[in-house]
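Remember, it's a predicted structure, so these values are computed and weren't measured experimentally. Note that the numbering runs from 1 along the sequence shown for the chain.
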Amino acid sequence: MTEPGGAQGPMDKVADIASDIGEYIRQQRNSAKISLRQLSKLAGVSNPYLSQIERGVRKPSAEILQQIAKGLRISAEALYVQAGILDLPMGGPVGDAIRADTELTERQKQVLLDVYESFRRENAVATTQTTIPETTEESA
């Protein structure tokens, strides 16, 4: 239901998120060439429930998203971002490449991302420290 003045209310935003995640799951399933029935078996969710998710009728829990991600062989984090559970991850193309690697476990991906982000933070601090002019006693 749209509020007066065209603004979206909280229920509209939830409906949009459910529709967006459903569409994203459908796109991933189609690109993987997996039928709805096959994905429902792989993910351990009922065929009608998965269909409702894809159509935006239902908004799945984080646990269901994780099961669907395993069935699609994609990162659960990608689904969490699409569902609005997590913020868009940092790291740009390097982070995207790590997340997309199908030969790494989710745990290995997370460790790599943590190390990578720690290096980026360390370098950002070092850059900040070298660009701040030091004050001398004479200029203070």
Side-chain angles (χ1 to χ4, degrees):
M1 182 182 298
T2 305
E3 294 177 356
Q8 282 193 318
M11 293 308 291
D12 292 321
K13 291 178 184 172
V14 169
D16 287 347
I17 289 170
S19 176
D20 291 347
I21 188 63
E23 180 61 30
Y24 182 77
I25 290 169
R26 178 181 290 128
Q27 289 171 356
Q28 294 299 312
R29 181 177 57 76
N30 288 336
S31 69
K33 296 181 177 24
I34 300 173
S35 72
L36 186 73
R37 190 174 305 268
Q38 288 170 316
L39 180 56
S40 72
K41 285 181 183 176
L42 290 169
V45 297
S46 74
N47 195 38
Y49 183 60
L50 183 57
S51 176
Q52 290 174 343
I53 291 169
E54 284 193 359
R55 289 181 287 131
V57 176
R58 300 262 186 164
K59 184 174 183 234
S61 67
E63 292 81 16
I64 297 294
L65 287 174
Q66 185 172 21
Q67 290 172 237
I68 292 170
K70 283 182 184 175
L72 289 170
R73 294 183 169 219
I74 62 172
S75 164
E77 184 179 49
L79 286 182
Y80 294 159
V81 169
Q82 284 293 321
I85 296 170
L86 287 179
D87 292 331
L88 189 60
M90 304 295 283
V94 173
D96 292 344
I98 292 169
R99 286 182 205 88
D101 192 324
T102 57
E103 295 184 18
L104 297 175
T105 67
E106 290 301 316
R107 175 77 180 126
Q108 290 168 332
K109 290 176 187 181
Q110 192 56 56
V111 169
L112 278 173
L113 290 167
D114 290 345
V115 169
Y116 179 66
E117 285 303 317
S118 72
F119 285 150
R120 288 174 49 94
R121 282 190 303 272
E122 185 178 304
N123 290 344
V125 168
T127 302
T128 304
Q129 290 174 348
T130 59
T131 58
I132 298 174
E134 293 186 30
T135 54
T136 61
E137 288 182 25
E138 291 177 11
S139 63

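Side-chain contact check for Leu113 versus Arg99: some heavy-atom pair is nearer than 4.5 Å. With a 4.5 Å cut-off on side-chain heavy atoms, Ile64 and Gln67 count as touching. Between Leu112 and Gln108, every side-chain heavy-atom pair lies at or beyond the 4.5 Å cut-off. Two residues are said to be in side-chain contact when any heavy atoms from C-beta on lie closer than 4.5 Å; Gln66 and Glu63 fail this criterion.
The CD atom of Gln28 lies 10.5 Å from the CD atom of Glu23; values are rounded to the nearest 0.5 Å. Between the OG atom in Ser51 and the CZ atom in Arg37 there is a gap of 11.0 Å [rounded to 0.5 Å]. Here the NZ-CG distance, from Lys41 to Leu36, works out to 11.5 Å after rounding to the nearest 0.5 Å. To the nearest 0.5 Å, the span separating CD on Glu106 from CD1 on Ile74 amounts to 9.5 Å. Atoms CG and OG, from Asn47 and Ser35 in turn, are 8.0 Å apart once rounded to the nearest 0.5 Å. Taking CD of Gln38 as the start and NZ of Lys33 as the end, the distance is 12.5 Å to the nearest 0.5 Å.
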Practice task
Start with the C-alpha distance between Ile68 and Ile53, add both sets of side-chain angles, then the distance that settles side-chain contact (heavy atoms from CB on, under 4.5 Å), and finish with yes or no.
Solution key: CA-CA 11 Å; Ile68 292 170; Ile53 291 169; 4.1 Å; yes

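For Lys109, the NZ atom is densely surrounded, since the number of other residues' heavy atoms within 6.0 Å is greater than 12.
The two atoms that bring Pro60 and Leu65 nearest to each other are CG-CD2, 3.5 Å, heavy atoms only. Of all the heavy atoms in Arg58 and Tyr49, the pair that sits closest is CD-CE1, 3.9 Å. Contact record, Ser40 with Leu50: N-CD2, 3.6 Å, taken as the closest heavy-atom pair.
With hydrogens and angles ignored, the 3.5 Å screen pairs a side-chain donor or acceptor of Tyr80 with a backbone N or O of Ala62. Side-chain N or O atoms of Arg29 include one that pairs as donor or acceptor with a backbone N or O of Ile34 at under 3.5 Å.
Tracing side-chain contacts under 4.5 Å through hydrophobic residues (I, L, V, M, F, W, Y), one never reaches Val94 starting from Val111; they form parts of separate clusters.
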